[in-house]
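Quick one: the structure is below, questions incoming.
Keep in mind that the numbers below use all heavy atoms, side chains included, and drop hydrogens, waters and symmetry copies. In what follows, every chain begins at residue 1, and chains take the letters A, B, ... in the order their sequences are listed. As the structure is a computational prediction, the values presented were derived from the model and not from experiment.
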Amino acid sequence: MDPLSQLSFILWGVPTTLAISILSFLSGLALGIPLAFIRVYMGKPFQVMVDLYEKILRGVPEIVMMLLLYFGVGLALGLKPFDEAFFAVTFALGLRSGANQSQIFRGAIRGVGESQMIAARSLGLPTSQAIIHVMIPQTFIIATPGLGSEYALLIKDSAYAFILGVLETMKRTDILRMTTFDTVFPYFASAFIYILLTFPLATYLDMWGSRKRKELGL
Amino acid sequence: MADTVMECRNLWKIYEKITAVKDVSLEIKEGEIKLLFGPSGSGKSTLARCLALLTTPTKGDVFHRGECLTRPGVNLNKARARIGFVFQHIWLFHHLTALGNVELGLRRVLKLPKKEARERATKALREVKMEEWANHYPAQLSGGQQQRVGIARALAMDPYIIILDEPTSALDPELIGEVTDTLRALAKKGTTMFIISHEMQFAREVADEMIFFNQGMIVEEGPPERFFTKPSSDRAKRFMERLIKRTTKE
Ligand SMILES: Nc1ncnc2c1ncn2[C@@H]1O[C@H](COP(=O)(O)OP(=O)(O)O)[C@@H](O)[C@H]1O
Ligand SMILES: [Mg+2]
């Protein structure tokens with residue numbers, strides 16, 4: 001196979017890599033934002049629960065979570081859709097990302113500051129409305145660089161899916177190695193693709209977030 | 001006789017280690033302007049926040065227009081919507097334009113339709129002479145302009161009283177005038193206000209009554225002229241002298 005067709009063979013895995021990363025990122029967002037606000041604004045028992053969740057999901061290797069979800073929950077317990085490797089991987093990464101994003105947003109909430117909440121309350125906004133209209137938009141701006149790194153991390157960690165046979169970028173790289181007996185080019189090609197997937201977007205988000213923050217005096 | 005708009009009786013606020021407000025009672029009537037002043041750390045902000053229902057007093061009651069709002073079960077959000085509050089450090093919403101800042105409460109608290117909220121917000125900005133700056137973000141405005149937007153944000157909600165916690169003390173000296181001028185205009189229109197300020201010239205002009213506050217307590221209260229001519233307490237006298245010396249030096 002010429003290098004170009006090798007490259008294109010690997011590239012066919014990119015949509016799956018993106019699907020795993022984006023879906024797990026969104027699940028992480030859906031988990032992380034509420035967890036962060038619960039951690040900051042609700043009582044002690046909730047704080048302890050959120051902390052515990054974060055500690056566990058950040059402490060356990062992601063591959064352990066994936067195998068547990070796939071073999072333990074999906075195959076042994078027969079719980080759908082975790083009997084499919086794609087979903088087991090995505091969900092495991094989503095849970096871990098929820099823990100990371102909870103920390104990112106918690107830092108951002110601190111960055112926005114309690115004063116914005118007091119100002120919102122002085123207008124008669126209930127806490128929930130103040131969170132939605134005053135805190136969340138500003139937390140997103142502060143969180144953007146961190147969210148960019150989190151996204152890059154998920155792109156990279158989606159490569160673990162190859163162990164469970166999901167046909168994504170890494171798996172296709174591996175197939176290429178086995179069929180061509182070339183142990184160098186496929187990995188370079190793959191590395192190049194991963195850098196293209198992570199670096200530009202993460203850098204852009206980092207710059208955008210920092211600029212916006214400066215512009216708004218946040 | 002005018003109605004009492006806001007009142008507190010035997011108000012206490014005790015933090016873990018500090019008693020910030022000690023047994024304070026005061027009353028503001030409709031159209032009246034009371035001006036509170038006193039040393040830093042004496043509990044002025046704490047008192048203002050208790051009166052605005054932004055913190056819960058430890059003891060004592062706060063009444064607004066005859067209704068006790070320190071009882072359990074009171075809808076505080078509903079009450080806060082009609083109490084204007086202007087902060088020392090301004091605290092505009094960074095992510096919203098001047099207009100957005102003023103509109104937020106109108107849209108989300110009073111639930112006005114878009115068009116009506118826009119009209120009312122624009123009117124409030126016009127009142128503080130900030131209409132031209134409606135589409136600027138707080139970071140693009142000077143401190144004085146920001147504080148005028150802060151006043152418009154409170155004003156737009158049609159408050160029956162505005163509480164201002166040192167509205168000019170975070171501003172550069174040359175920007176104070178535009179804010180005090182805005183407040184003078186409100187005073188002329190008969191707006192009921194509780195103002196914490198150390199702008200003595202301004203105080204003398206607008207206040208119906210001045211209150212000297214120290215260590216969480218009202219030390220002396222009376223018409224401004226009395227403070228400027230012969231304050232009865234020594235502490236107030238010395239404090240006034242220092243303030244006046246400071247302002248004439250500048
Ligand atoms: N949230 C709080 N928790 C604990 N102590 C506070 C808090 N807010 C104010 N204090 C304390 O209460 C006292 C009065 O503060 P404050 O009301 O801000 O005074 P002022 O506005 O007159 O400067 C100060 O000693 C201050 O440190
Ligand atoms: Mg203060």
Restricting to non-hydrogen atoms, name the atom on B:Arg153 and the atom on A:Ala119 that form the minimum distance, rounded to 0.1 Å.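 Answer, listing the atom of B:Arg153 first, then A:Ala119: NH2-CB, 3.8 Å.
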Select one option (side chain, backbone, both, neither) describing which atoms of B:Ile83 are under 4.5 Å from chain A's heavy atoms.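 Only the backbone of B:Ile83 comes within 4.5 Å of chain A.
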Pick from A:Gly113, A:Ser122, A:Gly217: which one has the most heavy-atom pairs with chain B under 4.5 Å?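 Ranked by heavy-atom pairs under 4.5 Å with chain B, first place is A:Ser122.
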Chain A heavy atoms under 4.5 Å from B:Leu92: which part of the residue, side chain, backbone, both or neither?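 For B:Leu92, backbone heavy atoms alone lie under 4.5 Å from chain A.
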Answer yes or no: are there more than 12 heavy-atom neighbours, outside A:Phe91 itself, under 6.0 Å from its atom CZ?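 Check fails, neighbour count at 12 or below.
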Counting only heavy atoms not in B:Glu30 (residues, nucleotides, ligands), do more than 12 fall under 6.0 Å from its CD?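 Result for CD/B:Glu30: open.
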Quick one: of A:Val112, A:Leu125, A:Thr127, who has the most non-hydrogen atom pairs under 4.5 Å with chain B?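 Most pairs with chain B among the choices: A:Leu125.
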Within 6.0 angstrom of B:Glu132 CD, more than 12 heavy atoms from elsewhere: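 It does not: B:Glu132 CD has 12 such atoms or fewer within range.
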More than 12 non-hydrogen atoms from neighbouring residues, nucleotides or ligands closer than 6.0 Å to NZ on B:Lys129, yes or no?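 Open.
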May I ask you to name which of B:Arg108, B:Lys78, B:Met157, B:His89 has the most heavy-atom pairs under 4.5 Å with chain A?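 Ranked by heavy-atom pairs under 4.5 Å with chain A, first place is B:Arg108.
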For A:Phe188, does the CZ atom have more than 12 heavy-atom neighbours from other residues, nucleotides or ligands under 6.0 Å away?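 Count not over threshold, so no.
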Mind ranking A:Ile132, A:Ile141, A:Ile118 by heavy-atom pairs under 4.5 Å with chain B and telling me who comes out on top?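 When all of A:Ile132, A:Ile141, A:Ile118 are compared, A:Ile118 has the most.
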Relative to chain A, which segment of B:Phe93 carries a heavy atom at a distance below 4.5 Å: side chain, backbone, both, or neither?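 Its backbone and side chain both get close to chain A.
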So for B:Arg82, is it side chain, backbone, both, or neither that comes closer than 4.5 Å to the heavy atoms of chain A?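 B:Arg82 has no heavy atom closer than 4.5 Å to chain A.
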Do the side chain of B:His95 and the main chain of A:His133 share a donor and acceptor less than 3.5 angstrom apart?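 Yes; at least one donor-acceptor contact below 3.5 Å.
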Quick one: what part of A:Gln116 sits under 4.5 Å from any heavy atom of chain B, side chain, backbone, both or neither?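 Contact with chain B involves both backbone and side-chain atoms of A:Gln116.
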Please report the interatomic distance CZ(A:Arg213) to NE2(B:His94), rounded to the nearest 0.5 Å.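 A:Arg213 atom CZ to B:His94 atom NE2 measures 10.5 Å (nearest 0.5 Å).
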Euclidean distance, B:Trp91 CH2 relative to A:Glu114 CD, rounded to 0.5 Å: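 Separation between the atoms: 8.5 Å.
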At a heavy-atom distance under 4.5 Å, which candidate from A:Gln138, A:Glu215, A:Lys214 has the highest pair count against chain B?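 The residue among A:Gln138, A:Glu215, A:Lys214 with the greatest pair count is A:Gln138.
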B:Lys111 atom NZ, neighbour heavy-atom count above 12 within 6.0 Å: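 Result for NZ/B:Lys111: enclosed.
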Point-to-point distance, once rounded to the nearest 0.5 Å, from CZ of A:Arg121 to OG1 of B:Thr55: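 These two atoms lie 10.5 Å from each other.
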Tell me, out of B:Gly84, B:Gly150, B:Pro159, B:Ala81, who's got the most heavy-atom pairs with chain A below 4.5 Å.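 Winner by heavy-atom pair count: B:Ala81.
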Can you tell me if A:Trp12 has over 12 outside heavy atoms packed within less than 6.0 Å of its CH2?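 No - once you tally the heavy atoms of other residues, nucleotides and ligands closer than 6.0 Å, there are 12 at most.
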